[in-house]
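Residues: numbered from 1 along the sequence shown.
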Amino acid sequence: MPRMPGQPRNSRTSEESRNSRIQRQVMQLIIDRRLQAGALLPTEAELMGDLGVSRNSVREALKALQALDIVEIRHGYGTYVGQASLTPLIDGLTFRTLARHDHDDSGALAEILQVREVLEEGLIRRVAATVTEAELDRLEGVVARMEAEGRAGRSFPELDREFHELLYASLGNDLVPQLLSAFWTVFRRVSGARGRPADPSPDLTARRHRDIVTALRVGDVEGAQRAMAVHFRGIAARAGRTAD
């Protein structure tokens, strides 16, 4: 943000530091009081007293935290604890990727794809040790729906998302599907903005997902990791990073 005419640079820095401090104090208050998503926060007046700051400072801090989905301001009703979703991360990564690479399609998509690749190829080994027969059956069901769509020549981005979210459910780590979904969404947004298809042909995509499940079903850890690598090479080829 540009410095206002006549405003000393150190004054601006001090103001930003104060705002950041107040934001941290509000977050700490939420943690200390064990307030869950949807819980009502103290009023502005109460926050002023608790934090020892002005009303304007409280409002600025709350507006900044709302942008991060840490709080939700409902005008006329109060301020509530937000969902703390990864939406700000998704929006920021999408903008950063598109802005940094301008019209460089391959560079823009490659960065996001590489992160997904590292996460998924590393995690698939753990999945092989934890996935249950019931979870494999659900994955089979998703693949069957993919195959039906593929035979009809239709793409299935939401089934693709569902497959990868189900795949890592056995790990019992809530952050994993959220992170994977975030990078999946950014990749889709960037590829869509560039007008580049994000996946190979639907029938080939369905077959590659089938290969992952087949390897997991027989306990072939190396085979599952190899199938995942082939799947990502296919996405990379279609996105213009490599030749398939």
Side-chain angles (χ1 to χ4, degrees), residues 36-37 69 82-94 97 109-150 152 154-192 197-221 223-236 238-239:
Q36 300 300 308
D69 198 23
Q83 298 297 319
S85 70
L86 296 184
T87 299
L89 171 67
I90 293 170
D91 292 341
L93 275 176
T94 302
T97 303
L109 294 173
E111 284 193 352
I112 300 301
L113 186 62
Q114 284 167 2
V115 175
R116 285 184 58 198
E117 217 173 333
V118 169
L119 284 172
E120 297 213 38
E121 285 187 35
L123 289 169
I124 194 67
R125 298 187 69 88
R126 297 193 178 194
V127 169
T130 58
V131 69
T132 66
E133 288 298 319
E135 287 165 336
L136 285 169
D137 289 343
R138 287 196 289 274
L139 287 168
E140 290 267 10
V142 176
V143 172
R145 287 152 60 200
M146 286 181 174
E147 291 168 338
E149 293 296 306
R154 294 190 293 264
S155 60
F156 38 80
E158 290 309 314
L159 287 176
D160 194 344
R161 179 196 289 267
E162 183 180 350
F163 177 92
H164 288 268
E165 288 180 353
L166 277 174
L167 184 61
Y168 301 101
S170 65
L171 298 178
N173 185 329
D174 291 340
L175 185 58
V176 167
Q178 290 179 44
L179 276 175
L180 293 177
S181 180
F183 284 108
W184 187 95
T185 300
V186 173
F187 186 79
R188 290 281 165 179
R189 285 186 183 180
V190 173
S191 61
D199 287 319
S201 61
D203 59 336
L204 181 57
T205 300
R207 192 183 326 140
R208 285 172 172 164
H209 285 83
R210 168 72 66 185
D211 291 342
I212 294 169
V213 178
T214 298
L216 290 172
R217 181 75 77 177
V218 297
D220 183 357
V221 179
Q225 194 167 33
R226 189 163 52 249
M228 184 65 76
V230 169
H231 173 45
F232 273 101
R233 282 201 298 273
I235 300 174
R238 192 68 170 178

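- A 4.5 Å side-chain heavy-atom check between Leu180 and Glu165 finds every atom pair outside the cut-off.
- In terms of heavy atoms, Ser85 sits closest to Pro88 at O-CD, 3.5 Å.
- Leu113 places none of its side-chain heavy atoms less than 4.5 Å from the side chain of Phe183.
- Contact of the Leu123 side chain with the Val176 side chain is registered, since non-hydrogen atoms from C-beta on lie closer than 4.5 Å.
- No side-chain heavy atom of Gln114 sits under 4.5 Å from any side-chain heavy atom of Val118.
- Legend: residues meeting salt bridge (Lys or Arg N to Asp or Glu O under 4.0 Å) with Asp69, ordered by chain and number and at least two apart, are absent.
- Heavy-atom minimum distance, Gly82 versus Ala37: O-CB, 3.5 Å.
- In this structure, the separation between CD1 on Ile90 and CZ on Arg188 is 14.0 Å, given to the nearest 0.5 Å.
- There is a side-chain donor-acceptor pair under 3.5 Å between Arg161 and Thr185.
- The residues Arg208 and Asp160 are annotated as not salt-bridged, no charged nitrogen and carboxylate oxygen being separated by less than 4.0 angstrom.
- Annotation: the span from Arg207 atom CZ to Ser201 atom OG amounts to 7.0 Å, rounded to 0.5 Å.
- Nearest heavy atoms, Ala215 versus Gly223: CB-C, 3.6 Å.
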Next item on the list: Starting from the C-alpha separation in whole Å, work towards a yes-or-no answer on side-chain contact (heavy atoms from CB on, under 4.5 Å) for Val230 and Asp211.
Entry: CA-CA 10 Å; Val230 169; Asp211 291 342; over 6 Å; no
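- To the nearest 0.5 Å, atoms CD (Gln225) and CE (Met228) are separated by 9.5 Å.
- Checking Leu136, Leu216, Val127 one by one against Ser170, the side-chain contact (heavy atoms from CB on, under 4.5 Å) holds for a single residue, Val127.
- Relative to the ring axis of Phe187, Arg116 places its NZ or CZ within 45° and under 6.0 Å from the centre.
- Legend: side chain to side chain donor-acceptor pair (under 3.5 Å) pairs involving residues 140-150, not counting sequence neighbours, sorted by first then second residue: Glu140-Arg210, Glu140-Arg217, Arg145-Glu162, Glu147-Arg210, Glu149-Arg154.
- A donor-acceptor contact closer than 3.5 angstrom links the side chains of Glu135 and Thr132.
- Every residue was checked against the salt bridge (Lys or Arg N to Asp or Glu O under 4.0 Å) condition with Glu121, not counting sequence neighbours, and none meets it.
- With rounding to the nearest 0.5 angstrom, the OG1 atom of Thr94 is 8.5 Å from the CG atom of Leu89.
- Using cut-offs of 30° and 60° on the angle between ring planes, the pair His164 and His231 is parallel.
- Between the CD1 atom in Ile212 and the CG atom in Asp220 there is a gap of 12.5 Å [rounded to 0.5 Å].
- What you find for Ile124 and Tyr168 is that their closest heavy atoms are N-CE2, 4.1 Å.
- Leu119 contributes atom CG, which lies 6.5 Å from atom CG of Leu179 (distance to the nearest 0.5 angstrom).
- Residues His209 and Phe163 share a closest heavy-atom pair of CD2-CD2, 3.2 Å.
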